[in-house]
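The structure appears right after this line, and notes come after that.
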Amino acid sequence: MTSTTFRAAGPRPARTTPRRARRSRPTVAGAIVQRAWLIVVVAAAWWFATARSTNFFVPPLQTILEALVRDLGNGVIAAGATYSLGNLFGGLAIAIVVGIALGILLGEAKWLGDVVDPIIHFFRSIPQAALVPLIIGTFGIGQGPKVGTIAFACMWPVLLNTIDGVLGVEPTVRKFAQVYRIPRGLYFRRVVLPAALPQIMAGIRVALPIGITVMVVSEMFASTEGLGFYILNSSATFQVPETWAGALLVGIVGYILSMLFVLIERRVLSWYHASGAQ
């Protein structure tokens with residue numbers, strides 16, 4: 001005897017399929033407002049708080065901006081900024097190349113990393129700005145020692161993050177490369193470097209503000225060019241608005257470089273962010 005299953009009469013319930021929630025992406029104007037509103041508030045507060053300032057060392061923001069625009073127009077700050085950025089990019093490039101190369105070497109050869117680990121932590125613990133007069137006094141007052149000082153200061157975060165990134169490569173991936181006898185050059189380019197790249201980019205992001213700080217400090221010692229020299233010379237001659245203008249420009253340049261690096265990082269690590277990795 002065949003059993004028959006009867007269903008209750010009436011319309012069938014609608015089949016509900018879970019839909020992935022879509023995050024509404026903010027518009028360009030919304031993103032700008034989201035990032036810049038606090039800057040506008042702080043600038044407005046600074047403007048009104050110092051508008052009637054009679055303190056010699058705290059001039060009105062309007063006076064500072066007038067000095068900044070004037071010296072940008074006559075080329076005094078522009079020439080110094082060009083010199084400073086050249087030192088910064090040169091030192092940062094050297095730090096990235098050396099830090100990544102040594103980081104991959106020490107990450108792959110763990111025994112070697114254990115040997116030099118105390119030396120690395122010793123040098124990275126020394127305030128890098130404190131070494132500026134020693135390095136410049138030893139190697140001279142030219143542009144080379146300044147670039148070398150920036151490279152030395154920026155190398156440590158890149159080096160340490162590269163080592164951590166290399167050590168984070170999955171052991172199964174390493175065994176897979178050994179079993180299939182992947183050439184060492186291809187192994188480093190296609191396995192180790194992509195796996196460590198998120199950590200490397202984080203190290204470069206940390207190194208960037210360190211490089212800006214050392215850039216300014218290095219130009220305050222026996223120098224006749226750069227933003228650091230402009231700030232020191234203005235301070236020594238009691239040109240307080242110009243001193244504030246130089247410091248304000250360094251902050252603006254640092255913020256712009258940080259935002260540009262974030263865009264580059266998102267482009268380089270687009271595959272990493274698309275995978276949902278955090």
Side-chain angles (χ1 to χ4, degrees), residues 28-92 127-130 132-133 136 141-143 146-147 149-150 153-154 205-263:
V28 176
I32 294 176
V33 171
Q34 184 179 1
R35 289 181 176 274
W37 70 269
L38 184 58
I39 299 176
V40 174
V41 171
V42 172
W46 187 0
W47 180 285
F48 289 110
T50 61
R52 298 181 180 180
S53 174
T54 57
N55 190 328
F56 178 75
F57 294 101
V58 186
L61 180 58
Q62 181 180 357
T63 306
I64 297 172
L65 294 178
E66 288 174 353
L68 178 60
V69 172
R70 183 194 68 236
D71 285 349
L72 280 174
N74 59 28
V76 174
I77 294 185
T82 302
Y83 177 82
S84 297
L85 291 177
N87 293 343
L88 175 64
F89 292 146
L92 194 59
Q128 306 304 321
V132 172
I136 293 179
I141 61 175
Q143 189 174 13
K146 295 178 176 58
V147 174
T149 304
I150 296 171
C154 294
R205 193 190 317 133
V206 174
L208 181 58
I210 296 176
I212 294 174
T213 302
V214 176
M215 172 196 76
V216 174
V217 174
S218 67
E219 292 167 355
M220 291 182 173
F221 291 90
S223 179
T224 58
E225 297 181 81
L227 293 176
F229 169 75
Y230 176 84
I231 295 172
L232 181 64
N233 185 62
S234 300
S235 176
T237 55
F238 296 99
Q239 301 178 39
V240 179
E242 285 74 9
T243 305
W244 278 94
L248 183 61
L249 182 61
V250 170
I252 293 173
V253 169
Y255 178 78
I256 293 174
L257 291 179
S258 297
M259 292 299 100
L260 290 176
F261 182 78
V262 169
L263 296 177

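Every heavy atom of this structure was used, including side-chain atoms; hydrogens, water molecules and symmetry mates were not.
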Would the distance check show the side chain of [X] and the main-chain N or O of [Y] forming a donor-acceptor pair, the cut-off being under 3.5 Å?
| X | Y | value |
| --- | --- | --- |
| T82 | A78 | yes |
| W244 | F57 | yes |
| T213 | P209 | yes |
| T50 | L61 | yes |
| S218 | K146 | no |
| S223 | F229 | no |

If every non-hydrogen atom of [X] is compared with every non-hydrogen atom of [Y], which pair is closest and at what distance?
| X | Y | answer |
| --- | --- | --- |
| G211 | C154 | CA-SG, 3.4 Å |
| A207 | L92 | CB-CD1, 4.2 Å |
| F221 | P133 | CE2-CB, 3.9 Å |
| S234 | Y230 | OG-O, 2.8 Å |

What's the spacing between [X] [atom1] and [Y] [atom2] if we round to 0.5 Å?
| X | Y | atom1 | atom2 | value |
| --- | --- | --- | --- | --- |
| I212 | L85 | CD1 | CG | 8.5 Å |
| L227 | M220 | CG | CE | 9.5 Å |
| I231 | Q239 | CD1 | CD | 13.0 Å |
| M215 | E219 | CE | CD | 5.5 Å |
| I64 | L249 | CD1 | CG | 12.5 Å |
| E242 | L248 | CD | CG | 13.0 Å |

More than 12 foreign heavy atoms under 6.0 Å from CZ of F56: is that the case here?
->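 Yes, enclosed.
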
F261 CZ: over 12 foreign heavy atoms closer than 6.0 Å =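 Yes - once you tally the heavy atoms of other residues, nucleotides and ligands closer than 6.0 Å, there are more than 12.
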
Indicate yes or no: at least one non-hydrogen side-chain atom of L257 is less than 4.5 angstrom from one of L88.
->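 Yes, side chains in contact.
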
Quick one: do L65 and W47 satisfy side chain to side chain contact (heavy atoms under 4.5 Å, CB included)? Show the steps, please.
-> CA-CA 10 Å; L65 294 178; W47 180 285; 4.0 Å; yes

